[in-house]
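Notes follow once the structure below has been shown.
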Amino acid sequence: MIRTLPRTPPRLLAVLAAVFVTVSIAPATAVAEPTSPTLTWAVQPANQQGPDGRRWVERTLDPGQVVTEHLAVRNLSDGAVVFALKAADGYLTDKGRFNMLPSNRESTDGGTWIRVQETVSVGPNQTKVVPFTITAPNDATPGDHPAGIAAAVTSAGGTVAVESRVGFRVMLRASGTVTGSLAISGLTARYERSWNPFSAGTVHLRYTTTNDGNVAVTGTGRTAATGPLGLAVRRTATTVEETLPGGTREVGAHLDGVWALGRLQTRVDLTPAILSGDPAGAEIKPATATVTIWALPWPQLALAAALAALALAIRNTVRRRRRRIAQLLADARNEGRAEARTSALAGNAPQSS
């Protein structure tokens, strides 16, 4: 990784407060835009001869084992620089980027396994290779112990000192039983209906996954929503990004085309996948969680009520018309009978001479 920084002489003895700025320990090399004057440097995994093309260091050790690795610090600036070399525990940020603990926080895991010289002086446009050792504790627990190692410089201005560092991740794994596991908690579901009675709604799900195994994993799975008697089944795939042991991830999913049929059971099935190392013989623990919600078909009920009211109105109208026609026919018949009786009486009346 490469870092460019305005060139300012350090005046640490004069500072009244320190603000630690951590630069992400990214796996890929980054280049900053130059300014004048500038300080630009890069840090990469290396062998004794120089950078060896690795993006990060990844080692599996037995408890008590000691290995030697190397890093290369390249000064791309016009003047000599003294870099501070530091190792610390690694973690993932909320955005999923790998980072290492800032200098004002004490490491308790993989960062304590690494020993490196405190400083290195690198001349202008020069590269220095520095060895560092990794020692697995005798009581190291099986699984991943992420760490990072970086070269840092501190610039001071006024009463504030700013530490900038560039480095790479050191993925350490202690031998033993490897367990990939993602626990699901806090599963919630919400039904979003469409007020178009001819369109289905959407089920929105949110849950938290926690890596309760001992190695870094991702997760793949399936989310499903099922109505009464197995009706209205909908499924979609879910993915969980890289999660280190003890880490958590917030996951969201949605299922389209779900009809509101009353009781809906939503289910999440999640299977972890080990990211690195040999997964053969690893213990994989799938996880499942369910939650039930109620989704009443209000638009469809409203449509049914409107259709029922329309049908009732049509029926009443037809009945009224039929009664009117029947009444008109009855009146006509009665009128005809009356006229017939009148005519008959007139024909039978005696005539005078």
T127 versus V122: any side-chain heavy-atom pair under 4.5 Å? no
Okay, side chain of Q126, backbone of G123: is any donor-acceptor separation there less than 3.5 Å? yes
For residues 244-255, which residue pairs qualify under side chain to side chain donor-acceptor pair (under 3.5 Å), counting only residues two or more places apart or in two chains? T208-E250
Count the heavy atoms belonging to other residues, nucleotides or ligands that lie under 6.0 Å from CZ of R206, then report whether that count exceeds 12. yes
Run the side chain to side chain contact (heavy atoms under 4.5 Å, CB included) test on I114 and T133 for me, step by step, so that the C-alpha distance in whole Å, both residues' side-chain angles and the decisive distance to 0.1 Å come before the verdict. CA-CA 6 Å; I114 300 172; T133 60; over 6 Å; no
What is the distance from atom CG of N75 to atom CG of L39, rounded to the nearest 0.5 Å? 6.5 Å
Residues in side-chain hydrogen bond (donor to acceptor under 3.5 Å, both in side chains) with R59, at least two apart? E69
So how far is it from R115 CZ to T68 OG1, rounded to the nearest 0.5 Å? 13.5 Å
Connected via hydrophobic side-chain network under 4.5 Å: L92 and M171: yes
Is it true that R333 and D331 have a side-chain N and a carboxylate O under 4.0 angstrom from each other? no
For residues V130 and Q117, determine if any side-chain heavy atom of one lies less than 4.5 Å from a side-chain heavy atom of the other. yes
Where at least one partner belongs to residues 101-138, residue pairs that pass ring-ring contact (aromatic ring centres under 6.0 Å, His included), sequence neighbours excluded: W113-H145
Within the 4.5 Å heavy-atom criterion, are T220 and T218 side-chain neighbours or not? no
Any salt bridge linking K95 with E241? Criterion: basic side-chain nitrogen under 4.0 Å from a carboxylate oxygen. no
Would you check if the side chain of T243 reaches a backbone N or O of G247 as a donor-acceptor pair within less than 3.5 Å? no
With a 4.5 Å cut-off on side-chain heavy atoms, are L182 and T210 touching? no
Donor-acceptor under 3.5 Å (D144 side chain, P146 main chain): no
Rounded to the nearest 0.5 Å, how far apart are CH2 of W294 and CG of L264? 9.0 Å
Would a distance-only check, ignoring hydrogens and angles, find a side-chain to backbone donor-acceptor pair under 3.5 Å from Y191 to I293? no
Keeping the roles fixed (side chain from N47, backbone from G50), state whether a donor-acceptor pair exists under 3.5 Å. yes
By the definition side-chain contact (heavy atoms from CB on, under 4.5 Å), identify the one residue from T223, V268, V251 that meets it with L187. V268
Any D78 side-chain heavy atom under 4.5 Å of N125 side chain: yes
Donor on one side chain, acceptor on other, S175 and D62, under 3.5 Å: yes
Rounded to the nearest 0.5 Å, what separation is found between the CG atom of L101 and the OG1 atom of T108? 7.5 Å
In the hydrophobic cluster built from side-chain contacts under 4.5 Å, what are the other members alongside V318? L310, I314
When you group the ILVMFWY residues by side-chain heavy-atom contacts below 4.5 Å and let the links chain together, are V116 and V129 in the same group? no
Neighbour count above 12 (heavy atom, 6.0 Å) for E106 CD: no
For residues Y207 and S185, determine if any side-chain heavy atom of one lies less than 4.5 Å from a side-chain heavy atom of the other. no
cation_pi(R193, W195) dist<6.0 Å, angle<=45: yes
Say you draw a straight line from CD1 of I325 to CZ of R320; how long is it, rounded to the nearest 0.5 Å? 13.0 Å
Give, for atom CZ of R190 and atom OG1 of T202, the distance between the pair rounded to the nearest 0.5 Å. 9.0 Å
Is there a side-chain contact between T119 and L85, using heavy atoms and a 4.5 Å cut-off? no
Who are the ring-ring contact (aromatic ring centres under 6.0 Å, His included) partners of F83, not counting sequence neighbours? W41
Would V67 and L61 count as a side chain to side chain contact (heavy atoms under 4.5 Å, CB included) here? Give the steps. CA-CA 8 Å; V67 297; L61 298 86; 3.9 Å; yes
Apply salt bridge (Lys or Arg N to Asp or Glu O under 4.0 Å) to E242 and list each qualifying residue two or more places apart in sequence or on a separate chain. R169
Look at the side chain of T271 and the backbone N and O of G221, then say whether any donor-acceptor pair between them is shorter than 3.5 Å. no
Compute whether any side-chain donor of one residue and acceptor of the other, for T179 and K285, lie under 3.5 angstrom apart. no
May I have the step-by-step check of side chain to side chain contact (heavy atoms under 4.5 Å, CB included) for R165 and S103, ending in yes or no? CA-CA 10 Å; R165 60 189 184 184; S103 297; 3.9 Å; yes
Just so I know, are the side chains of D139 and P63 near enough to count as touching, which here means a heavy-atom distance under 4.5 Å? no
Okay, side chain of T112, backbone of D109: is any donor-acceptor separation there less than 3.5 Å? yes
Using a distance-only test with no angle check, is there a side-chain donor-acceptor pair under 3.5 angstrom linking R319 and N316? no
